[in-house]
Number of protein chains: 2
Amino acid sequence: MQRGTFQLMKSVNKSIVLNKIRTSEPISRAQIAKETSLTPPTVGSIVKELIEQGLVRESELGHSSGGRKPTLLHINTNSLYVIGVDVGPEKVDCILTDLTGEVFERTSYLLTRPLTNEQFLAILKDNIYNLIKESQLDEEQMIGIGVAMHGVVDVESGTSLVAPILNLRNVPIREQLEKEFNLMVKVENDARAMALGESWFGGLGDFESTVAVNIGRGVGAGIVLNGKLYHGAQGMAGEFGHMTIDINGKTCECGNRGCLQTLVSGEAIAERGREQLKDHVGKLTGKDIFELAENGNPFCIDLLRDTGRIIGIGLTNLIHLVNPSIIVLGGGVMLSEKFIMPALLEAIDERVLTNEAQHTNVIVTKLGNDATILGAVSLILIELFEPILIG
Amino acid sequence: MQRGTFQLMKSVNKSIVLNKIRTSEPISRAQIAKETSLTPPTVGSIVKELIEQGLVRESELGHSSGGRKPTLLHINTNSLYVIGVDVGPEKVDCILTDLTGEVFERTSYLLTRPLTNEQFLAILKDNIYNLIKESQLDEEQMIGIGVAMHGVVDVESGTSLVAPILNLRNVPIREQLEKEFNLMVKVENDARAMALGESWFGGLGDFESTVAVNIGRGVGAGIVLNGKLYHGAQGMAGEFGHMTIDINGKTCECGNRGCLQTLVSGEAIAERGREQLKDHVGKLTGKDIFELAENGNPFCIDLLRDTGRIIGIGLTNLIHLVNPSIIVLGGGVMLSEKFIMPALLEAIDERVLTNEAQHTNVIVTKLGNDATILGAVSLILIELFEPILIG
DNA sequence: GAGTTTAATATATTAATTAAATTAATTTAT
DNA sequence: ATAAATTAATTTAATTAATATATTAAACTC
């Protein structure tokens, strides 16, 4: 049980100050005091500690309107670094960023199958070693490794329980990486990491709740409430792809009928296309549909519009149940944004019950593929910056 | 912004102690210290304050196993009282309870329509005055009035925005009752109040998240996370009834097609019955279907089973998205529990993706109709007892 | 260059915790 | 029956980290 202690009092204030600097840099001590209604001495002593920890730095003096010039404070971008890893079905991407999420180094490695747990872990380690080496930075300056992994992840232990496409089971990622690099390691499911990445780096502003939906090979969502990932009781909150929306519909790979995924995943779109475009050369993919639509193929345009409509129906269910402040859409299917979004927004507008909820922000990610790997980085950053919320 | 202050530290600990007493009474100071890992002096001084405030009382000495006998502490049940009001489509119920939710007085008033805002408010006031008078208690001993109101409620201002069946709009319930009784007043939507009531008084144990679903005239849900109601960005979280599960289904009163409500509400069941049982005398209601099923009518038994299956499909969507620790079902339709539950549980078991989530607790309310009005009471109790959570 | 303004720090006070000691009340052992 | 041990609750002192107030530092204004 989290008691009311002096450490609590302090860490609450420290978190308030650090987050104020993060979201409003450059900012002076005096300004922080004003905006947080903490007293100047409190802000001063906290800032002193943050500078000692290397999280914050001072810069030049700011402008004064009559009086001593304020010393401006910044998040320190050249002393501490974070490593983010994105394990997708086909490749392992690694990035090295500073505390603001700016990327300094990148590696990418194509996975070949089959793959044993040991081989997979060796690849992870190699790539991270390479990344650090390339960056020419000291290992001392790293604070942690965040891993976004497709499939089912046990967050507590940092284990990949099932990664269906890579055919891996029970990989103790955290244990192994912690031992190897002696750094904090966090592991999270990729859709959820994406949601966190959007919420931290998506430039969305200060929303109470964010849902990020990935529509690609599969359909998944992550829910961020008050800046933190919401996992649910058994860690399966956000399983958006297997929401039944057509009780008599097609059978899904999960065994149920009418899952959203059977209607709007990349493969589902391609399949719907194949039924109609039988004269198309080669195996038709989702990407082909998009290109055909771009070239004015009316059937493909309609197909993508209808996909947008169905996604909109699914999102309406999401709005009615979870009612997030903002929904961010990403994934391969959303590359067809141009055809999908108008129909999608129209469907939501038409279906949502109340006027206020009609104004739920629904946008396409501005981070592209990087949302997930930046989310992996956020898993570590959140340990430093996470607002400690009271309520 | 909630800063880290001495008051915060104190209120956190006070809340921990009070809730420990509430959930584990009778309990001694020493035991509280052990279980909360607060120090004995801290517990002692907080208990002293709680006793002064009239929230806690001491009782006889407990058993000792060698040493001074412990003084046992209880929630004080005979000094402070709460009023709960449930405004349904047909009647206004009021109860007066002590701090443990035990009911001391009850009134019920049948509403007649049409009804103006003024008439409605007058009825509310009259009933509350009556309740207090009957109880022969002092108005000083009341701490607040909680109101559960059907329809759309603005929780901030305590206003009933739309109450469709009573045909009321913009009734400033909180403002009016606060002025009249000079007590704290909280107003909440009835499905959400029900969820809070279940979570507080349902004897469910200590769950992280509870969803209560009311299936009756309409279908609605309330979500309780960490003991507190989750409203969502525009206060519409839990609009479970208008979840699309049959994209090509019947048109709902909301204008959309295939809402869960069009398949499983009391009226929906009755309608499905009518199509088949044309020789039935009089207008067939949901209740009739239940009675016919009880008497062995195979069509009605199947109809209720199928209803259970469809509710199960809806709940599976809920589990996949929100993944609550426990789901509590109530409302008129659940009176047919006997026929509905087996099919419902089977559908969930069949459809939920992971083994762990298959074990989501799904139960029928033990509070019956009182869940909602006890939820109204909880709206006030939560102000006294609510755990202040850090994280 | 004196006076005013603003920023940052130093000092004193205060709230509420923890640790250690004390007092209180029983049970158990001899 | 009395002493020793055990447990409960309270008191006292020390500690932490806040706030309030005063002071120092560094501008700008005229």
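Keep in mind that this is a model prediction, so the values were computed, not measured.
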Check whether any side-chain N or O of N13(B) sits under 4.0 Å from OP1 or OP2 of dT17(C), and answer yes or no.
yes
Any side-chain heavy atom of I83(B) sitting closer than 4.5 Å to one from I132(B)?
yes
Should we say atom CD of Q136(A) is surrounded by more than 12 heavy atoms from elsewhere, each under 6.0 Å from it?
no
N/O (side chain, T71(A)) to phosphate O (OP1/OP2, dA7(C)) under 4.0 Å:
no
I need the E58(B) CD to T71(B) OG1 distance, nearest 0.5 Å.
5.5 Å
Assign each of S45(B) and P40(A) the nucleotide of DNA chain D bearing its closest heavy atom; nearer the 5' end lies the nucleotide of S45(B)
For Q7(B) and dT14(C), give me the distance from atom CD to atom P, rounded to whole Å.
15 Å
Under 4.0 angstrom between R68(B) side-chain N/O and dT27(C) OP1 or OP2
no
Please tell me which of P41(A) and F6(A) maps to the more 5' nucleotide of DNA chain D, matching each residue to the nucleotide holding its nearest heavy atom.
F6(A)
Where the side chain of R3(A) is defined as all heavy atoms beyond and including C-beta, which of dA18(D), dT18(C), dA9(D) is the nearest nucleotide?
dT18(C)
A30(A) or T5(A), whichever maps to the more 5' nucleotide of DNA chain C
A30(A)
Let me know, please, whether K69(B) or P70(A) comes out on the 5' side of the other along DNA chain C by nearest nucleotide.
P70(A)
Check ion pair E49(B)-K10(B) (N to O, under 4.0 angstrom)
yes
Length of the line joining I16(A):CD1 and dA18(D):P, which is rounded to integer Å
10 Å
Applying a 4.0 Å non-hydrogen cut-off, can you work out what K34(B) is touching in the nucleic acid: base, sugar-phosphate, or nothing?
sugar-phosphate
Picking from dA9(D), dA8(C), dT17(C), which would you name as closest to the side chain of S28(B)?
dA9(D)
Please determine whether a side-chain nitrogen or oxygen atom of R29(B) lies at a distance below 4.0 Å from atom OP1 or OP2 of dT7(D).
no
